[in-house]
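Nothing here was measured: the structure is a model prediction, and the numbers come from that model.
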Amino acid sequence: MLTLVLRFSHVFFGALWVGMMAFQIFFLGPALSEAGPDAGKVMAGLMKQRIPVIMPVIALIALVSGMWLFQRLSGGNMAALMATPMGKGFAWGGAIALLAFLIGVVVMRPIMMKSMTLMQSGDPAQRSEAQRLQARASTLGKLVSWMLLITLGLMAVARYL
């Protein structure tokens, strides 16, 4: 029963994490860039919906449930699992996802939060700095999104390697 709950949590929250991140980076971000100053209203709405808090929680649930599943799959013999192509596929996928999470939370999130604060100030100089920060966050977001898509691919095929 625990394995079923863990697998559901891992797949469900992993899908949410990858999907939300890809949507935000590849679709919402470019649309907001085209919207100009009105993008601040949308960003404020996302803040109101607590997206910056919800996303890391979703990611953590996916990561923790995945690590727990990996441990259970090893049956206490991690070396034996890591000697298999399946084990390596799951391990590489998990490592890439963990790195993506750390980049997102430690580097990208603070940049986005500062950018949102600057955009709401109304000062043209601060808006210029906010745009520079948004460009940096967009680059990091694309990196994180591609990392998550690679993770998704590895997780999808690891059992069949």
Measuring only between side-chain heavy atoms, which start at C-beta, is L69 closer than 4.5 Å to L73? no
For residues M112 and L133, determine if any side-chain heavy atom of one lies less than 4.5 Å from a side-chain heavy atom of the other. no
Looking at [atom1] of [X] and [atom2] of [Y], how far apart are the two atoms once the value is rounded to the nearest 0.5 Å?
| X | Y | atom1 | atom2 | value |
| --- | --- | --- | --- | --- |
| Q71 | L6 | CD | CG | 9.5 Å |
| S145 | M20 | OG | CE | 12.0 Å |
| W68 | T3 | CH2 | OG1 | 9.5 Å |
| I150 | L154 | CD1 | CG | 7.5 Å |

Would you give me the side-chain donor-acceptor pairs under 3.5 Å for residues 45-66, sequence neighbours excluded?
from : atom 1 : to  : atom 2 : distance (Å)
S65  : OG     : H10 : N      : 3.3
S65  : OG     : I61 : O      : 2.7
S65  : OG     : A62 : O      : 3.2

Using a 3.5 Å cut-off and no angle test, enumerate the donor-acceptor pairs between side-chain atoms of residues 82-108 and protein atoms at least two apart in sequence or in another chain.
from : atom 1 : to  : atom 2 : distance (Å)
T84  : OG1    : L81 : O      : 2.7
T84  : OG1    : G87 : N      : 2.9

Would you say [X] and [Y] are hydrophobically clustered, going by side-chain heavy atoms of ILVMFWY under 4.5 Å?
| X | Y | result |
| --- | --- | --- |
| V18 | M155 | no |
| M113 | L28 | yes |
| L16 | F27 | yes |
| L149 | V11 | no |

Taking the six-membered ring for Trp and the single ring otherwise, decide whether the centroids of W17 and F12 are under 6.0 Å apart. no
Atom CZ of residue position R7 - does it have more than 12 heavy atoms of other residues, nucleotides or ligands inside 6.0 Å? no
P30 versus F26, closest heavy-atom pair with distance: CG-O, 3.6 Å
Evaluate L152 against L148 for side-chain contact (heavy atoms from CB on, under 4.5 Å), listing each step before the verdict. CA-CA 6 Å; L152 179 66; L148 291 176; over 6 Å; no
Pairs touching residues 98-116 that satisfy side-chain hydrogen bond (donor to acceptor under 3.5 Å, both in side chains), sequence neighbours left out: S115-Q134
